[in-house]
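The block underneath contains the structure these notes are about, expressed in structure tokens.
Along the sequence shown, residues carry numbers from 1.
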Amino acid sequence: MSSTGQSSSFDMDNEERRMPAGKREQPVAKTLTTAMYISLWIFISNCTILFNKWLIDTQGFRFPILLTCWHLVFATIATQILARTTSLLDSRKNITLTPRIYCRTILPIGIFYSGSLVCSNVVYLYLSVPFIQMLKAAAPVAVLFTSWAWRVAEPSLSSFLNVLWIVAGVALASVGEIHFSFIGFMYQMGGIVFEAVRIIMIQVLLSGDGMKMDPLVGLYYFAPVCAAMNFLVAVPSELPKFTWAAASNVGFGMLILNASIAFMLNVTSVFLIGRTSGLVMTLTGIFKNILLILVSILIWNTKITFMQTVGYAIALAGLTYYSLGYEQIIKLFHTSVAWTAGMLGSSSAQGRSTGSLATRRCILITALAFFGLFIVVAALQHYDPSTKQMLKLPAWFGTE
């Protein structure tokens with residue numbers, strides 16, 4: 001997804017140096033603000049996924065296509081209001097959009113975007129949230145093969161081996177899934193393929209026409225197209241079975257809240273992209289998926305087998321290598337070692353800025369909280385009420 005609002009941390013640092021000393025953002029304030037944006041994006045993103053799963057599966061609102069259509073109608077109205085009352089979408093004025101360019105770029109991308117959203121919501125009828133997140137680790141594989149097919153990137157042996165590594169991990173996680181659904185698996189794979197084609201089309205078509213969009217401007221143009229496409233798909237499949245009683249059982253307030261949270265996700269992503277770098281977004285996304293798996297296990301008591309855990313760990317390692325590359329991983333490793341040595345070394349405050357101490361404390365507290373959450377989830381995952389045993393070893397080997 002291309003973005004005119006995306007800037008690296010290096011650019012932000014240079015901008016701060018050019019500012020007067022009195023107007024520069026203090027290190028502590030900058031650290032806390034960035035941490036707030038990251039935390040907010042993780043929270044809203046995971047809330048959107050869990051809320052959709054709760055509505056579709058737990059509450060029995062089994063109309064995922066109509067639910068997606070409602071999200072897009074809400075997004076269309078919201079972006080139109082924001083375009084007329086705020087400056088968040090002013091970058092759209094730099095885009096020259098003729099009917100020919102619209103039919104050549106916005107329309108086909110919107111169709112694939114619609115397919116991605118439909119498949120991503122329908123899959124909640126068949127698969128658990130943890131397993132869905134594990135399958136999403138295969139998304140870079142689809143993007144890579146699509147980029148080769150469109151000749152955006154040249155095939156290489158190293159990339160192919162990395163792809164095999166991720167595929168092997170996802171396959172192992174799929175074999176270990178207790179409640180495997182082939183239909184749900186195909187829907188998730190279809191959503192991944194649709195999304196991969198959409199990403200490459202954005203890269204090829206929009207960049208070729210000089211139409212770089214941030215996520216919010218993209219939603220401004222794509223939401224009406226996707227809403228119309230989803231409605232056309234829902235007419236023969238879900239609309240004949242839909243009743244207002246089904247919506248009233250869930251609650252119209254809940255549906256409005258659900259669409260509002262889904263839209264807030266797009267807004268927070270814009271601010272996060274502008275605040276951080278692509279590396280931070282990648283690492284945050286990996287952490288977000290792991291956290292989502294743990295939280296969904298707590299909510300729905302989903303059983304995760306040992307084979308699934310190993311398979312997802314393999315796929316996650318391949319995904320990290322694919323996203324960051326060898327040099328960046330080595331750099332992060334050396335930085336982490338140096339940081340750990342500094343934390344375990346002298347407790348003297350000399351040479352340490354207030355912002356540096358605040359950052360280290362924030363990271364340390366987050367790591368401890370994450371580790372504690374993992375222990376709690378692992379204990380509850382294998383708790384046997386009949387025997388009062390917290391850890392039941394056979395459950396880790398897929399015998400539950």
Side-chain angles (χ1 to χ4, degrees), residues 1-3 6 68 95 100-123 127 132-174 182-215 218-219 221-222 225-226 229-230 232-233 278 281-282 285-286 289 311-312 314-326 328:
M1 181 180 295
S2 57
S3 171
Q6 185 173 358
T68 308
I95 300 173
R100 179 179 175 276
I101 294 179
Y102 184 89
C103 294
R104 182 176 173 270
T105 57
I106 302 298
L107 188 59
I109 293 174
I111 292 173
F112 281 97
Y113 190 20
S114 175
S116 171
L117 293 173
V118 168
C119 291
S120 297
N121 273 351
V122 172
V123 72
L127 301 178
I132 291 172
Q133 297 308 119
M134 292 178 186
L135 293 178
K136 285 183 179 179
V141 177
V143 173
L144 186 62
F145 280 128
T146 306
S147 65
W148 288 352
W150 284 68
R151 296 185 178 180
V152 174
E154 292 297 327
S156 64
L157 180 60
S158 60
S159 298
F160 184 72
L161 293 177
N162 192 206
V163 161
L164 290 181
W165 182 270
I166 297 175
V167 170
V170 173
L172 193 60
S174 300
F182 181 74
I183 297 177
F185 177 82
M186 293 306 296
Y187 269 121
Q188 184 57 53
M189 291 298 104
I192 289 175
V193 171
F194 279 130
E195 182 66 11
V197 174
R198 183 184 77 90
I199 291 173
I200 299 303
M201 289 182 72
I202 289 177
Q203 182 179 348
V204 174
L205 297 179
L206 295 191
S207 298
D209 289 312
M211 298 170 57
K212 294 186 179 296
M213 302 180 184
D214 63 50
L219 190 66
Y221 286 111
F222 296 136
V225 178
C226 294
M229 290 300 304
N230 283 17
L232 291 177
V233 174
M281 286 289 291
T282 299
I286 293 174
N289 290 339
Y312 185 58
I314 292 174
L316 206 59
L319 176 62
T320 304
Y321 185 83
Y322 175 88
S323 303
L324 303 180
Y326 176 78
Q328 190 66 57

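Atoms OG1 and CG, from Thr68 and Asn121 in turn, are 3.5 Å apart once rounded to the nearest 0.5 Å. If you take CD1 on Ile106 and CD1 on Ile202, they are separated by 8.5 Å, rounding to the nearest 0.5 Å. Summarising the geometry, atom CD1 belonging to Ile132 is positioned 12.0 Å from atom CG belonging to Asn289; distances are rounded to the nearest 0.5 Å. Here the CD1 atom belonging to Ile109 is positioned 13.0 Å from the OH atom belonging to Tyr221, to the nearest 0.5 angstrom.
Ser116 is linked by a side-chain hydrogen bond (donor to acceptor under 3.5 Å, both in side chains) to Glu195, counting only residues two or more places apart in sequence or in another chain. Residues that satisfy the side chain to side chain contact (heavy atoms under 4.5 Å, CB included) test with Ala153, not counting sequence neighbours, are Ser147, Trp148. Applying the side chain to side chain contact (heavy atoms under 4.5 Å, CB included) rule to Leu172 yields the partners Met307, Val310, Ile314; only residues at least two apart in sequence or on another chain are considered.
Heavy atoms from other residues, nucleotides or ligands lying under 6.0 Å from CG of Leu232 number more than 12. The 12-atom threshold is not exceeded at OH of Tyr187, counting heavy atoms of other residues, nucleotides or ligands nearer than 6.0 Å.
Heavy-atom minimum distance, Thr146 versus Ala196: OG1-CB, 3.7 Å. Among all heavy-atom pairs drawn from Gln133 and Tyr312, the shortest one is O-CE1, 4.0 Å. Shortest non-hydrogen contact noted between Ala139 and Ile192 is CA-CG2, 3.6 Å. Heavy atoms only, all atoms of each residue included: Pro140 and Ala137 are closest at CD-O, 3.2 Å. Heavy atoms only, all atoms of each residue included: Gly190 and Cys119 are closest at C-SG, 4.2 Å. A pairwise comparison of heavy atoms in Cys103 and Pro108 identifies O-CD, 3.3 Å as the closest pair.
You'll find the side chain of Leu135 reaches within 4.5 Å of the side chain of Ser174, heavy atoms only. Residues Tyr322 and Leu144 have side chains in contact (heavy-atom distance under 4.5 Å, counting atoms from C-beta outward). Using a 4.5 Å heavy-atom threshold, the side chains of Phe222 and Leu117 count as separate.
A cation-pi geometry, defined here as NZ or CZ lying under 6.0 Å from the six-membered ring centre and within 45° of its normal, holds between Arg198 and Tyr113.
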Query - Check against side chain to side chain contact (heavy atoms under 4.5 Å, CB included), Tyr102 and Val225 - result: CA-CA 11 Å; Tyr102 184 89; Val225 178; 3.0 Å; yes

Requested in this report: Evaluate the side chain to side chain contact (heavy atoms under 4.5 Å, CB included) criterion for residues Gln203 and Val152: first the C-alpha distance (whole Å), next the side-chain angles of each, then the deciding distance (0.1 Å), finally the verdict.
Outcome: CA-CA 9 Å; Gln203 182 179 348; Val152 174; 3.0 Å; yes

Report task. List the steps, then state whether side chain to side chain contact (heavy atoms under 4.5 Å, CB included) holds for Val163 with Phe145. Result -> CA-CA 9 Å; Val163 161; Phe145 280 128; 3.8 Å; yes

Report task. Mind running side chain to side chain contact (heavy atoms under 4.5 Å, CB included) on Leu316 and Leu319 for me, showing each step along the way? Result -> CA-CA 5 Å; Leu316 206 59; Leu319 176 62; 4.3 Å; yes

